[in-house]
Q: 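This is the structure I want to talk about, given as structure tokens.
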Amino acid sequence: MAIPEQESAANGTGPALSHAGVGTAAWVGRDIPRKDADRFVLGHIDYTADMIAPGTLRVAIVRSSHAHARIGRIDTAAASAAPGVVAVFTGADVRACSAPMPTRVPRERFPGPVDIWCLAADEVLYVGQPIAAVVATSLNDAEAAKSLVEIDYDMLEPVLDAAAALAPGGALARADWPTNVVARDTIRQGDLDRAFQAAFRTVGGEISFGSGTSAPMEPRCYIADWDDRASHLTLHGTLQQPHPTRWMLAQVLGLREAQIRVVAPPAGGTFGLKMVGHPEEALVAILSRELKRPVAFLESREECFLANAREQTHRFEIAADAQGRIIAFRNTIVADVGAIGAGGGWVMAMVTPTVFPTVYDVPNVAVDAVAVTTNKPPWQGIRGYGKETANLVMERAVELIAVELGMSSIEVRRRNLLPKQAFPHRLPSGLNLDSGDYAPALDQLLDLFPLDEWRQRQQDADSNDKRIGIGFAFDLTPEGASFPGSMQAGFETSTVTVDPTGTVRVATSVTSPGGGNETGIAQIVADVFGLLPDDVTIIQGDTDITPFGTGNTSSRSLMFGGAAAVLAARELKSRVAACAATLLQAEPGELVFAQGRICVDADADRSVPFKQAVSTIYTHAYSIAADIELPLQVIKTYRSPNIRHVPDEFGRISAYPSFPYSVHAAAIEIDVATAQVRVLDYAAIHDCGVVVNPGLVEGQFRGAVAMGIGAALWEELLYDESGATRTNRFKSYVLPRAPDLPRIRMGHRVTPSPFQPLGTKGAGESGFGGAMSVITNAIADALGEHGRHVNRVPFKPDRLLPLLAGALS
Amino acid sequence: MSRPSIDLALRLDHRDVVAHVDGRALLIEAIRDLGARSARIGCLTGDCGACTVLLDGQPVKSCLVLAAAADGREVVTLEGSASAIAETVRRAFIAKKGFQCGYCTSGMILVAIDLLEAFATPTEADIRSAISGNLCRCTGYDDIVSAIADAAEQLSAKAATRESPEIF
Ligand code: FES
Ligand code: FES
């Protein structure tokens, strides 16, 4: 496939997309097509479910129908005798042949024991928790036999919301814990009481968030194949984190890592859902070893909606002086993180408090956060990872104080945004903001978004029929999560090899959720060697051939995996340069690598093909290349210099190195009779530092915005009074469809991160919180005076109707 | 072990195939078992469109059709879809980055081809409405819409060239 020559169509980028320090930037900044693009459009990509070989046993999972109970007798006799059924496993069977799943957060940090088995062994903690596995020769047979498994339950009192979890003397969500409180955080900066007393204006509010889920189009799937003769397990799966999954399996199965190969085939979207720690990852492995046959689990869409996240309430207060300077902000957060499983999804609740006060320079800040466990499904990672709720609350607070001050909220933002020269900037939580250029981004947005026109249309609209609302919001998305004590702590590793024909291979620990990071990594490595991205092959997601690392979380692929690849490539380049210098009778320092050749800087006629220099090293290892270190393979780990796990003087660490931001504007219209919301216009400016592939970054940003609009307007997991998920299909958990969304217009700013070798920041997750926030602000704006009462996201019609009634009366 | 099973004969991606399938099987399950893996399973409830195939030339969600109902009929998946329009749509999806993870792409491309076969100059609203039965969680749809619009433009341009009189 030919690579189109056109430059980026990105707005406001121009030459700023080039970068320093890598050599000639022929490919970084170019909007080139995805690697393997042909295979995608021909339907030739095989996802995990496509790899279920004929003869593989299939698992159907019998799940708890109660939110909290002790499991009594389980009768599997009838199910075992059903057609096609090979075996039925219970928690007791699993206990007899494996060990508990290790938790993403070290177990000592929990207030009570956390023995997590892939099938509940004793106490069930949520509706939908796996209790028994029916294994059959076909999925239909396994499913059909599920209803034959009989389970006796001894009911325990369920804890179904945060208020019940915190009620003194109330029920416990885990019978063996002394408390429902999983974690707390207290963040302090300055003197809050004094600031609030001295304030010219103060205002407070409450905002709660419904539960949401990422719902990628590809459901989860795991295929385990135990080779009994070799005592070796291969697991293929929808896995964002193959190495942590291998670590988990090694402990569950009591195997050495070398006995386990974990492969993550191309992923059909993840958005956090497919992080390590789902019970079925361990379950299929155990079943395959016990049954000595390959076993596959394919999640149904209904099961996919068991992934819970985000439910939380904020009570905040903000104070400003007479000049519109925000002088204080305080907030109390209570998050209902559901049951605790092996995964780390609930950690999102502890990320939220660390993001305040986002992009604003606020001297006095207090945030208190508590995460409580309840008898709802465990939180699973979801785009935003807790940062989205912090941004939304901050953006609401800014709007509310602007009303009190009688100023436009745009002006209040301007007066309080951190200025470019204030970076690096320490947030009260200890996070160290790398760089930013916020106010000019707002100016750029106002060029893209016709504010006056929309204000006019708003005035002209008949407010008893349709109401137009206009919103603005900033979004700060800390990226590159690197948590101490977590497996693993946040470094990434890449192995770069220059093969004998002069092509390049990068095996990297970062995986791809499907967003195209392999193309970006190929671009930056191609630039180091002066080759084409097509000359660079990226290998991901196979623990036998990719080095150890986190995988795909927190927009880390280019930031960490790409950086490691560049460091390794530079070292290899210097080896190839040494050989070329001999061939060209020049000094290595005089050589330039470009367009597949190595030439003497001052004398372009003196050059040698890259291929030839490489071939010489391989074929003249005892003569011309005798001094060049072999193999032509270098492995490098990248650790960010902007991570600090040693507490500072305030006892705080900094677990995120990179801070992309964006600013959003939207115009929405509410139909007064039906409370349906339409998004009429949307514009945003995004800054993730140096952009490697504008098309990829823009595509992911637009995807994040679409998801944020969905989370603000339509998407909510609802539970009935027994704790069962009511929203278990796309008809009840409503994702945005193409006609629901306007075209999302976007522009870039490029404020390189001084801490990252290429100047890039995380991209991919960024924008989600801004979209949630801007829609919320636009809805509040449409409600006029009554907008201050907006207190719950998402704005489904049943919640919006009473607000509209208030606005009309 | 008595399970209802049926014999199925159909034309799948221009090949005649016969299979012995579970009577409960859905068309999507049967064709995937027959190797047509580009049709994806996203929900099995008719909501996502990942399983879209052409059944006797019409796009259908193959999770809403029993395999038995396809007996004697013709099924074309993305892999079997080949025409000038199909080729143009594919190129446009690449050029405009009309996919990220690609899981929705089989359905999106088949629906786009169907739209452009029926209708050479769709508006943006037409395109959005045509793909409204297909969910994409990655792109926010803009790049898919751009890809389809781009394909429409290229096809119209080609048609115009064909219709214009030969000068040489
Ligand atoms: S799998 Fe058929 S519509 Fe989703
Ligand atoms: S590209 Fe991933 S679902 Fe559409």
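This structure is a prediction, so every number in the text was calculated from the model and none was measured. Numbers restart at 1 for each chain; the letters A, B, ... are given by sequence-line order, proteins then strands.
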Q: Check whether Thr139(B) gets within reach of chain A through its side chain, its backbone, both or neither, counting any heavy atom under 4.5 Å.
A: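 For Thr139(B), the backbone is the part near chain A, not the side chain.
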Q: Considering only heavy atoms and a distance below 4.5 Å, find which of Leu298(A), Val705(A), Leu139(A), Leu696(A) pairs most often with chain B.
A: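 It is Leu696(A).
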Q: Is it true that a side-chain atom of Arg301(A) and a backbone atom of Met217(A) form a donor plus acceptor pair closer than 3.5 Å?
A: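 Side chain of Arg301(A) to backbone of Met217(A), a donor-acceptor pair under 3.5 Å: yes, one is there.
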Q: Between Ser81(B) and chain A, with a heavy-atom cut-off of 4.5 Å, which part of the residue counts as in contact: side chain, backbone, both or neither?
A: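 Contact with chain A involves no heavy atom of Ser81(B) at all.
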Q: Do the side chains of Arg37(B) and Ile31(B) get nearer than 4.5 Å, heavy atoms only?
A: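 Of all side-chain heavy-atom pairs linking Arg37(B) with Ile31(B), none is under 4.5 Å.
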Q: Count the heavy-atom pairs under 4.5 Å between each of Ser512(A), Pro513(A), Gly516(A), Ala215(A) and chain B, then report the option with the highest count.
A: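 The residue among Ser512(A), Pro513(A), Gly516(A), Ala215(A) with the greatest pair count is Ala215(A).
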Q: Side chain, backbone, both or neither: which part of Asp33(B) has a heavy atom under 4.5 Å from chain A?
A: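 Neither the backbone nor the side chain of Asp33(B) comes within 4.5 Å of chain A.
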Q: Which atoms of Tyr141(B) are under 4.5 Å from chain A, going by heavy atoms: the side chain, the backbone, both sets, or neither?
A: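 Only the side chain of Tyr141(B) comes within 4.5 Å of chain A.
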Q: Do the side chains of Leu735(A) and Arg137(B) get nearer than 4.5 Å, heavy atoms only?
A: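 Yes, their side chains come closer than 4.5 Å.
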Q: Heavy-atom count check: over 12 atoms from other residues, nucleotides or ligands less than 6.0 Å from Lys96(B) NZ?
A: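 Not more than 12 within 6.0 Å, no.
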Q: I'd like to verify something: which residue of Cys138(B), Cys104(B), Ser106(B) has the highest number of heavy-atom pairs under 4.5 Å with chain A?
A: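 The answer is Cys138(B).
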Q: Let me know if Ile109(B) has heavy atoms under 4.5 Å from chain A in its side chain, its backbone, both or neither.
A: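 Contact with chain A involves the side chain of Ile109(B) alone.
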Q: Ring-plane angle category for Phe305(A) and Tyr733(A), please: parallel below 30°, perpendicular beyond 60°, tilted otherwise.
A: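 The rings of Phe305(A) and Tyr733(A) sit tilted, inter-plane angle from 30° to 60°.
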Q: Does either side chain, that of Asn517(A) or that of Ser557(A), offer a donor lying less than 3.5 Å from an acceptor on the other one?
A: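 Indeed, the side chains of Asn517(A) and Ser557(A) share at least one donor-acceptor pair under 3.5 Å.
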Q: Give the member of Thr270(A), Ile709(A), Asn693(A) that has the highest number of heavy-atom pairs under 4.5 Å with chain B.
A: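 Counting heavy-atom pairs under 4.5 Å, the top option is Asn693(A).
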Q: Please state whether the side chain, the backbone, both or neither of Glu302(A) comes within less than 4.5 Å of a heavy atom of chain B.
A: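 Neither the backbone nor the side chain of Glu302(A) comes within 4.5 Å of chain B.
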Q: Out of Ala267(A), Pro216(A), Pro54(A), which one racks up the most heavy-atom pairs below 4.5 Å with chain B?
A: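 Among the listed options, the one with the most contacts to chain B is Ala267(A).
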